[in-house]
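One structure is given here, and the rest of the page talks about it.
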Amino acid sequence: MNLTLDMLPDRAVVRIDEPRLDAAMALSFKERMREIVAQAPGLVQVDMAQVQFMDSSGLGALIAIHKALPGGTRMALSSVHANVMRVLRLTRMDTVFTIVERPEAAAAGTQGDDEAAQAPGRAPAPVAARDTAPEAAAAQAAGGAS
Amino acid sequence: MTEAALGVRAPEPAAAEALFNRVLPADHLSVRGALTDLHARLSPHVSADVMGRLELVLAEVMNNIVRHGADAARRDGPVRPRRIHLSAACHRNGVACAVTDDGIGLPPACLVAPPSPAHPAGEPLPEGGFGWLIIHGLTRSLVYFREDTRNLLAFNIPAMDEAEG
């Protein structure tokens with residue numbers, strides 16, 4: 001399970017560096033993410049751009065993570081692939097999760113994330129730190145996970 | 001039926017355009033491997049949309065076999081290694097699939113399409129039970145029977161998806 005974690009002052013940015021969120025890795029994903037959301041400052045932004053496939057086990061892990069969010073912490077999924085969106089839609093979980101088109105939109109949203117997603121021009125796009133994240137962050141994210 | 005009507009109905013032969021067959025042990029990593037190979041083999045022959053639905057349904061079907069086999073092993077003690085046989089044939093109207101296994105029989109309730117879930121605010125969200133919802137939502141002509149010690153599940157993934165719209 002490869003995750004890249006970037007802990008910013010106002011949010012945790014988690015990039016899933018896996019093409020598949022499936023039954024073979026749902027458990028390790030869930031355990032690793034539970035640790036991350038417990039320490040996240042207010043917003044957990046999950047970048048799913050690399051996830052091209054998710055089954056109901058992967059969905060179950062996402063739901064468990066959502067339920068494990070501490071009070072006051074939000075989670076947003078960004079760059080959701082059509083195959084992943086299909087699972088969310090079929091199970092009506094698209095009505096439960098906050099889904100934004102681009103990572104910046106999640107951080108820009110104050111009241112409603114949907115509004116931010118539809119108005120990307122308003123997003124300040126403060127994600128430069130993600131590209132320059134030290135490798136230590138990646139190592140930290142991957143640490144302890146198989 | 002006139003010749004013209006026949007021509008409209010069958011502009012080209014209905015023979016399978018591509019096949020994928022695999023026998024695999026019932027475990028999650030083998031399922032992933034089979035799906036990855038299936039993707040490589042069949043994606044040149046079907047649209048990305050059909051491929052996505054095909055892969056998802058097969059994942060749900062085979063994950064169920066793996067999971068319920070593990071449940072049975074916990075209840076009844078170790079059982080002999082189980083095998084899944086997977087066949088998929090691309091044809092003009094979609095992909096025809098058959099999945100057989102030598103695990104326990106399918107509960108009849110699985111064969112009834114579940115209602116579309118609602119998730120009212122304030123109620124705890126379910127973390128599972130979505131597999132059959134996905135299978136019923138994306139397949140056509142779903143049939144199941146058990147013969148001796150084997151289960152057989154067959155279905156079609158339609159080329160045009162009217163369920164998702």
Side-chain angles (χ1 to χ4, degrees), chain A residues 1-2 16 18-31 33-34 37 48 50-69 71 73-75 77 80-99 112-114 146, chain B residues 26-36 38-39 43 47-70 113-139 157 161 163-165:
Chain A
M1 179 73 225
N2 292 306
I16 304 176
E18 297 279 351
R20 305 177 72 86
L21 218 47
D22 61 11
M25 59 118 65
L27 191 62
S28 64
F29 173 63
K30 184 163 70 179
E31 288 176 353
M33 284 296 292
R34 272 181 171 158
V37 301
M48 301 188 68
Q50 294 186 49
V51 181
Q52 293 160 36
F53 177 84
M54 180 177 81
D55 62 17
S56 65
S57 300
L59 174 68
L62 276 182
I63 295 167
I65 294 157
H66 188 263
K67 288 162 79 170
L69 290 173
T73 301
R74 298 180 302 136
M75 182 167 82
L77 311 179
V80 178
H81 192 279
N83 284 338
V84 176
M85 204 55 215
R86 173 184 290 117
V87 178
L88 295 172
R89 231 175 22 240
L90 276 167
T91 58
R92 302 283 298 273
M93 280 294 161
D94 57 341
T95 64
V96 172
F97 289 111
T98 300
I99 301 163
D113 292 301
D114 290 341
S146 56
Chain B
D27 64 70
H28 285 311
L29 282 176
S30 299
V31 167
R32 177 192 279 189
L35 290 173
T36 304
L38 170 117
H39 188 105
S43 57
S47 68
D49 181 57
V50 169
M51 193 68 227
R53 286 184 272 127
L54 171 67
E55 199 175 343
L56 177 58
V57 167
L58 288 175
E60 299 301 339
V61 168
M62 293 194 287
N63 286 343
N64 278 339
I65 294 169
V66 172
R67 193 176 309 127
H68 294 140
S116 188
H119 306 300
E123 281 190 24
L125 293 169
E127 290 175 37
F130 296 120
W132 282 103
L133 181 75
I134 291 169
I135 293 167
H136 282 285
L138 297 180
T139 59
I157 304 291
D161 185 34
E164 277 193 273

In terms of heavy-atom proximity below 4.5 Å to chain B, should [X] be classed as side chain, backbone, both, or neither?
X: A:Ala82; answer: neither
X: A:Met25; answer: both
X: A:His81; answer: neither

Note, [X] side chain near [Y] side chain (heavy atom, < 4.5 Å):
X: A:Ser57; Y: B:His28; answer: no
X: B:Glu55; Y: A:Arg20; answer: yes
X: B:Leu125; Y: A:Lys67; answer: yes

Contacting moiety of B:Leu133, where chain A heavy atoms sit under 4.5 Å:
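For B:Leu133, the contact with chain A is made by the side chain alone.
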
Heavy-atom distances under 4.5 Å only: say whether B:Glu60 touches chain A with side chain, backbone, both or neither.
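Contact with chain A: side chain only.
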
Please find the pair of heavy atoms, one from [X] and one from [Y], that lie closest to each other, and give the distance.
X: A:Arg92; Y: B:Ser116; value: NH1-OG, 3.6 Å
X: B:Pro117; Y: A:Thr91; value: CG-O, 3.3 Å
X: B:Pro126; Y: A:Met93; value: O-CE, 4.3 Å
X: A:Ala64; Y: B:Glu127; value: CB-OE1, 3.3 Å

Measuring from A:Leu90:CG to B:Leu56:CG, what's the distance to the nearest 0.5 Å?
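A:Leu90 atom CG to B:Leu56 atom CG measures 7.0 Å (nearest 0.5 Å).
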
To the closest 0.5 Å, what do you measure between OG (A:Ser56) and CD1 (B:Ile134)?
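Here the rounded value is 5.0 Å.
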
Identify which of A:Leu59, A:Asn83, A:Asp55 forms the greatest number of heavy-atom pairs closer than 4.5 Å to chain B.
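Maximum pair count with chain B is reached by A:Asp55.
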
